[in-house]
There are 2 protein chains.
Amino acid sequence: MTRIAVDAMSGDSGPRTVVRALASLIKNHPDVDFQLVGDAEILRREIAHSRLKGSTRIEVCPASQVIAMNESPAQALRSKRDSSMHVAINRLRTGAADAVVSAGNTGALMAMGKVFLRTLPGVDRPAIATFLPSQNGRVLMLDLGANVDCHAEHLLQFAVMGSVLFQQVTGTVAPRVGLLNIGSEEIKGNELVKAAGSLLRASHLNFIGNVEGSDIYGGQCDVVVCDGFVGNVALKTSEGLAAMIRNELRHMYSGSLYGRLAYLINRPILQKLRRRLDSRQYNGATLIGLNGIVIKSHGNADRYAFARAVEVAIAEARQGLTAEIAKVIQEGLAQAIRSSA
Amino acid sequence: MTRIAVDAMSGDSGPRTVVRALASLIKNHPDVDFQLVGDAEILRREIAHSRLKGSTRIEVCPASQVIAMNESPAQALRSKRDSSMHVAINRLRTGAADAVVSAGNTGALMAMGKVFLRTLPGVDRPAIATFLPSQNGRVLMLDLGANVDCHAEHLLQFAVMGSVLFQQVTGTVAPRVGLLNIGSEEIKGNELVKAAGSLLRASHLNFIGNVEGSDIYGGQCDVVVCDGFVGNVALKTSEGLAAMIRNELRHMYSGSLYGRLAYLINRPILQKLRRRLDSRQYNGATLIGLNGIVIKSHGNADRYAFARAVEVAIAEARQGLTAEIAKVIQEGLAQAIRSSA
């Protein structure tokens with residue numbers, strides 16, 4: 001059985017959303033045990049009112065505290081030893097769970113991961129990685145916000161980790177790695193990416209060189225590497241543009257009788273487009289580089305979005321990703337560092 | 001009359017595209033004289049084959065050289081004294097033109113602007129600014145790539161210049177200025193934006209604080225300030241996502257007979273959406289902070305896109321923007337620096 005520990009209390013949506021997300025998944029994942037971490041009374045009540053009622057694959061793990069979304073990681077680490085996030089991470093640390101999902105405070109989740117799980121050997125800084133849609137399928141992008149001030153060596157490590165994760169999840173051998181930059185020529189970019197470019201060119205990775213923002217969705221590469229500030233801006237800019245387009249379509253169609261009729265005829269296609277633009281379905285980012293599978297959900301994830309994050313955790317746990325990643329990352333980093341030395 | 005000098009040789013599209021762009025504009029702008037800078041023979045031939053034939057408002061200004069798109073700015077400055085870009089900038093410098101439009105090498109254009117026009121007093125570094133669509137109308141974003149390694153003071157100057165440009169173009173008093181960051185809290189971000197945040201909070205600007213990538217198109221603010229690396233990535237990421245969406249819609253509609261029929265009925269709405277997603281109509285970025293109006297067009301602009309860039313030049317020239325901006329920027333920077341000192 002695959003065992004997924006779910007932080008049911010953190011985030012903005014609350015335990016009811018989490019319980020309903022699991023209820024929507026349990027039938028399709030007969031080989032998964034779910035561990036719901038949080039206020040036992042609340043969780044048992046929610047379970048009793050859900051399709052999880054009576055399931056033998058649901059365990060409630062009590063935790064008396066919750067880490068607030070705006071709480072400082074240091075504060076969370078010091079004073080919240082019985083928080084749902086901490087208890088969930090602990091189950092991973094002790095081997096009672098194969099993966100953790102939390103919609104909580106990213107900084108606190110990363111800090112707990114570093115302190116209680118530790119980073120994989122050879123990794124200075126874990127990163128946040130997520131799959132995005134691209135014209136030929138999917139692209140993995142990292143870092144998305146864990147590391148806002150990076151050195152070139154960190155970007156090299158992100159590239160190695162992302163390369164492994166992409167290969168593990170998609171089966172693609174030697175995924176094409178691109179360095180996010182503002183031009184394709186080697187001389188382009190700021191000091192950080194210029195230095196990272198030389199490390200990547202010297203590495204064993206299938207490095208295709210600089211890619212621009214317009215290439216993220218273009219399908220030219222499989223893994224896009226950037227520092228956490230740039231990656232976070234690129235991701236959220238995309239979400240904002242997609243939201244604007246959805247709103248404009250709604251106005252265009254509701255603006256006239258013609259539009260409303262046209263909508264009826266186009267509903268199937270427009271719904272396909274809406275799904276494609278729906279950031280909820282890409283919910284579930286991997287905190288890669290930690291010694292354990294930790295998946296971060298959007299703080300305001302609804303039932304549908306949270307379920308997607310849990311499915312990411314299930315997929316990575318089934319493949320026993322961490323051990324494999326640890327191995328390959330060590331080799332990879334060793335090679336990369338040798339060849340770039 | 002408003003006099004627009006157009007670099008007709010630089011960029012990927014060539015003089016024919018430029019001539020046809022002007023031909024599409026000349027009728028609607030009876031108070032504008034166009035100065036076509038480049039190879040006189042080629043230009044006269046193109047004009048003779050266009051609607052510009054016989055117009056008294058078209059002047060050909062000979063220039064024997066062209067700056068290549070991949071040429072280094074230093075090289076361009078040294079060895080191309082008779083390039084179309086240089087001759088066009090010179091007409092602006094000598095007062096023979098009120099604004100310049102070029103689709104050429106951005107680095108060379110900025111370098112020539114700095115050397116031959118100089119920056120406005122109080123401005124360390126000119127920036128590239130462009131208007132983008134937002135849910136409530138338009139948003140001005142800068143820098144988009146001129147300055148990849150910035151200090152906090154530069155971001156403050158961008159904010160002041162952007163604020164003035166937005167007010168001049170839209171008439172909005174005290175536009176809302178946002179600092180592009182990865183979270184709304186003051187503690188969020190990298191060292192650069194944290195330092196810039198304190199300068200902006202101390203300034204006289206209508207600073208609304210940090211904005212995230214998702215807010216660029218959200219209409220929460222009028223001016224988005226960031227360094228040139230981040231701005232360039234955000235802009236190109238948006239273009240890439242818009243391109244992906246256009247392709248997907250095309251596939252969805254052409255994929256089936258149903259789709260093709262549905263398309264016929266939806267064409268008006270979908271064309272409205274396509275226009276809205278069409279980056280060509282936002283073509284024409286202002287090199288702000290120079291002592292003259294210099295508009296940069298996309299290198300691969302087609303006739304439609306290039307015409308939009310020329311219209312930006314016309315609008316800014318009509319408002320005699322530079323002088324006014326110079327004045328307000330000096331006051332603005334003075335105040336900003338006083339209050340942040």
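Below, chains carry the letters A, B, ... as their sequence lines are ordered, and counting in each starts from 1.
Looking at B:E248, the atoms closer than 4.5 Å to chain A (heavy atoms on both sides) all sit in the side chain, from C-beta outward. Neither the backbone nor the side chain of B:N147 comes within contact range of chain A; no heavy atoms are under 4.5 Å apart. Using a 4.5 Å cut-off between heavy atoms, A:S72 makes no contact with chain B at all. Heavy atoms closer than 4.5 Å to chain B are found in both the backbone and the side chain of A:I182. Heavy atoms closer than 4.5 Å to chain B are found nowhere in A:N70, neither backbone nor side chain. Heavy atoms of B:L180 lying under 4.5 Å from chain A belong to its backbone as well as its side chain. Only the side chain of A:L249 comes within contact range of chain B, judged by heavy atoms closer than 4.5 Å.
Ranked by heavy-atom pairs under 4.5 Å with chain A, the first of B:A234, B:A242, B:A243 is B:A234. Listed options B:G189, B:G228, B:C226, B:G183 were ranked by heavy-atom pairs under 4.5 angstrom with chain A; first place goes to B:G189. Of the listed residues (B:G213, B:S134, B:G240), the greatest number of heavy-atom pairs within a distance under 4.5 Å of chain A belongs to B:G213. Ranked by heavy-atom pairs shorter than 4.5 Å toward chain A, the options B:E212, B:E239, B:H251 are led by B:E212.
The two residues B:V148 and A:N190 make their nearest non-hydrogen contact at O-CB, 3.7 Å. Heavy-atom minimum distance, B:T237 versus A:S238: CG2-OG, 3.3 Å. Between A:M244 and B:Q135 the shortest heavy-atom distance is CA-NE2, 3.4 Å.
Taking CG from A:N232 and NZ from B:K188, the interatomic distance works out to 8.0 Å, rounded to the nearest 0.5 Å.
Partners of B:K80 under the side-chain contact (heavy atoms from CB on, under 4.5 Å) rule, at least two apart in sequence or in another chain, are B:Q65, B:I67, B:E71, B:S83.
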(request) Show your reasoning for whether side chain to side chain contact (heavy atoms under 4.5 Å, CB included) applies to B:V193 and A:F229. (result) CA-CA 10 Å; B:V193 293; A:F229 190 93; 3.7 Å; yes
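Chain A is approached within less than 4.5 Å, heavy atom to heavy atom, by no residue from residues 106-114 of chain B.
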